[in-house]
Amino acid sequence: MVHRATKFRSCHLKSAIRSILIIKPSSLGDIVHTLPAVALVREAYPSARITWVINPEWAPLLRGNKCVNHVHIFPRSQLGGLGMVVHLTPWLRQTRRLQPDVALDFQGLLRSALIGRASRPREFYGMSDAREGARRFYDRVAPVDRKAHAVERYLALTEDFGVPVERPLRFPLPSGDSVPHFDDTIPFVLLHPFARGRRKSLSDLTIEEFCRSLAPHPVVLAGLTKREMPVPDNCVNLLNHTTLLQLIWLIRRASFVVSVDSGPMHIASALSDRLISIHAWSDPRKVGPHNPAAWVWKNGELFRVRDLPTSPPENQTNRNFKTTDVKQLLPLIRENLRPM
């Protein structure tokens, strides 16, 4: 059963909020999606101490973020097996000391709900589409549309907390770290061809065709993969050779970004509309770029995000991005490249 605070208690609490806990440990794209909501919370409570619970690998995303006062690392990788005995107790001790006036669970899982309760908040907010029984731990459940884009779902949580949503939204991301010996004065296209999800990644032949078709313009390959492949002469292969902050730096400087559905795609969407997001089986309305001026490839068609149909066609069959689809993207990309 969900415990709901009385109206009197909620009004009194909001007038005396000095500390707010943001619970969003992972993943890369979801943390990017949470940035606008937290920026609005900061604007509504400029003097509050805001702490963000986050996995260590994603903490660099918050570097220099003036909306966040403190980062509380959730050491998930250390809590498996025997590591739990060593690391969990001291981490819980630190978490219990937080005692925020309000905790906002943007993750919506049992793990994040337990983190929230362990922090001993005065009031705990979560979303109606939370899973794994997480809703039982909240004091207040914000109604959200589970079919909406993640950015909009997270904004609904802040609205229920009493923070008005003002647009355009802000995505406070770090400037990034430069890549050593990389000449960013020459216009280049950034290709991020790999993702963890099944059937999301591009084939080696498609990557090679993409690079050759844009020659002599440089194409920079970035991301993580276990695959090894030869690349054309105009391709700069930085696969497995960039940090998260270096990837952000590259995205900021690229003339155009082409990416499969992935966390780096969402970074690109937050920073620029010079983006094509490739979706094989995923629904771009829910997990695509939130930027209305960005582009989406889906089932052989290219759309601006703002022009996407409100619902998928009946009996739609999803298909992978093929090598022959590369030529469909080239005119749009070339429009954003200066002649060489």
Side-chain angles (χ1 to χ4, degrees), residues 24 26-37 58 61 106-108 127 129 144-157 165 167-171 173 189-202 206 210 222-223 247-248 251-252 254 256-322 325-326 328-333 336:
K24 191 62 174 175
S26 62
S27 56
L28 175 55
D30 287 337
I31 291 170
V32 173
H33 293 155
T34 311
L35 292 172
W58 309 129
L61 279 174
F106 289 95
Q107 194 83 4
M127 299 178 292
D129 64 348
V144 302
D145 180 1
R146 65 172 60 246
K147 295 181 180 179
H149 194 283
V151 171
E152 301 300 324
R153 291 170 47 245
Y154 301 156
L155 291 175
L157 175 56
V165 174
R167 301 174 191 265
L169 303 175
R170 292 194 301 119
F171 289 82
L173 283 162
V189 176
L190 181 66
L191 176 62
H192 184 268
F194 298 112
R196 289 180 302 171
R198 185 175 62 90
R199 291 171 41 217
K200 283 187 176 181
S201 298
L202 302 183
T206 299
F210 185 90
L247 179 59
I248 293 174
I251 290 172
R252 286 187 179 276
F256 206 91
V257 177
V258 178
S259 176
V260 295
D261 175 16
S262 61
M265 178 273 289
H266 292 295
I267 293 176
S269 171
L271 295 175
S272 172
D273 54 14
R274 299 187 304 276
L275 163 70
I276 297 174
S277 178
I278 297 173
H279 293 260
W281 57 266
S282 60
D283 185 351
R285 299 160 194 81
K286 294 179 63 176
V287 298
H290 189 261
N291 187 336
W295 294 83
V296 162
W297 180 95
K298 178 71 177 178
N299 284 338
E301 296 187 79
L302 201 57
F303 300 92
R304 287 270 196 188
V305 170
R306 60 173 168 255
D307 298 328
L308 280 168
T310 55
S311 59
E314 290 187 19
N315 302 319
Q316 174 179 281
T317 301
N318 297 321
R319 76 168 178 86
N320 291 342
F321 187 86
K322 302 176 182 177
D325 292 315
V326 169
Q328 185 182 11
L329 312 186
L330 298 178
L332 178 58
I333 297 170
N336 290 273

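All residue numbers in this chain count up from 1 along the given sequence. Here the structure is a predicted model, which means the values were calculated and not measured.
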*For Asp30 and Lys24, what are the C-alpha separation, side-chain angles and deciding distance, and is it a side-chain contact (heavy atoms from CB on, under 4.5 Å)?*
CA-CA 8 Å; Asp30 287 337; Lys24 191 62 174 175; 3.3 Å; yes

*Under the side-chain contact (heavy atoms from CB on, under 4.5 Å) criterion, do Lys200 and Ser262 qualify, and how do the steps go?*
CA-CA 9 Å; Lys200 283 187 176 181; Ser262 61; over 6 Å; no

_Checking Val305 against Trp295 for the side-chain contact (heavy atoms from CB on, under 4.5 Å) test, could you report, in this order, the C-alpha distance in whole Å, the side-chain angles of both residues, the deciding distance, and whether it holds?_
CA-CA 6 Å; Val305 170; Trp295 294 83; over 6 Å; no

*Please walk me through it: do Phe256 and Leu275 pass side-chain contact (heavy atoms from CB on, under 4.5 Å)?*
CA-CA 6 Å; Phe256 206 91; Leu275 163 70; 5.6 Å; no

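Residues Val189 and Ile333 meet the side-chain proximity criterion, which asks for heavy atoms closer than 4.5 Å. Val296 is listed as a side-chain neighbour of Pro289, based on a closest heavy-atom distance under 4.5 Å. No side-chain heavy atom of Phe321 sits less than 4.5 Å from a side-chain heavy atom of Asn299. Looking only at side-chain heavy atoms (C-beta outward), Arg285 and Lys147 stay at 4.5 Å or farther from each other. Side-chain contact between Val257 and Arg274 is absent, with no heavy-atom pair separated by less than 4.5 Å. Between Pro264 and Leu28, the closest side-chain pair of non-hydrogen atoms falls below 4.5 Å. Between Gln107 and Ser26, some side-chain heavy-atom pair lies under the 4.5 Å cut-off. The shortest side-chain heavy-atom distance between Val151 and Val32 does not fall under the 4.5 Å cut-off.
Salt bridge annotation for Asp261-Arg199: absent, with no cationic side-chain nitrogen under 4.0 angstrom from a carboxylate oxygen. The pair Arg153-Asp129 counts as a salt bridge, with a side-chain nitrogen and a carboxylate oxygen less than 4.0 angstrom apart.
Taking every heavy atom of both residues into account, Ser282 and His279 meet most closely at OG-ND1, 2.8 Å. Contact record, Phe194 with Ser201: CA-OG, 3.4 Å, taken as the closest heavy-atom pair. Between Ala222 and Leu190, the closest heavy-atom pair is CB-CD1, 3.8 Å. Scanning all heavy atoms of the two residues, the minimum distance from Val144 to Ala156 falls at CG1-CB, 3.6 Å. Arg196 and Ser27 make their closest contact through NH2-CB, 4.2 Å (heavy atoms, listed as atom of the first residue, atom of the second, distance).
Separation of atoms CG (Asp325) and CD1 (Ile278) is listed at 8.5 Å; rounding is to 0.5 Å. The distance from the CG atom of Leu169 to the CG atom of Leu35 is 11.0 Å, given to the nearest 0.5 Å. Residue Glu152 holds its CD atom at 10.5 Å from NE2 of His33, rounded to the nearest 0.5 Å. Annotation: the span from Ile251 atom CD1 to Leu271 atom CG amounts to 6.5 Å, rounded to 0.5 Å. For the atom pair CG (Leu202) and NE2 (His192), the distance works out to 10.0 Å, reported to the nearest 0.5 Å. Ile276 contributes atom CD1, which lies 5.0 Å from atom CG of Leu302 (distance to the nearest 0.5 angstrom).
Under the salt bridge (Lys or Arg N to Asp or Glu O under 4.0 Å) criterion, no residue pair touches residues 296-307, with sequence neighbours excluded.
Residues meeting the salt bridge (Lys or Arg N to Asp or Glu O under 4.0 Å) test with Arg252, sequence neighbours left out: none. Residues satisfying the ring pair (Phe, Tyr, Trp, His ring centres under 6.0 Å) criterion with Tyr154, sequence neighbours excluded, are Phe106.
A side-chain donor-acceptor contact under 3.5 Å links His149 to the backbone of Gly288. One N or O on the side chain of His266 and one on the backbone of Val287 form a donor-acceptor pair closer than 3.5 Å. Between the side chain of Ser269 and the main chain of Asn291, a donor-acceptor pair closer than 3.5 Å is present.
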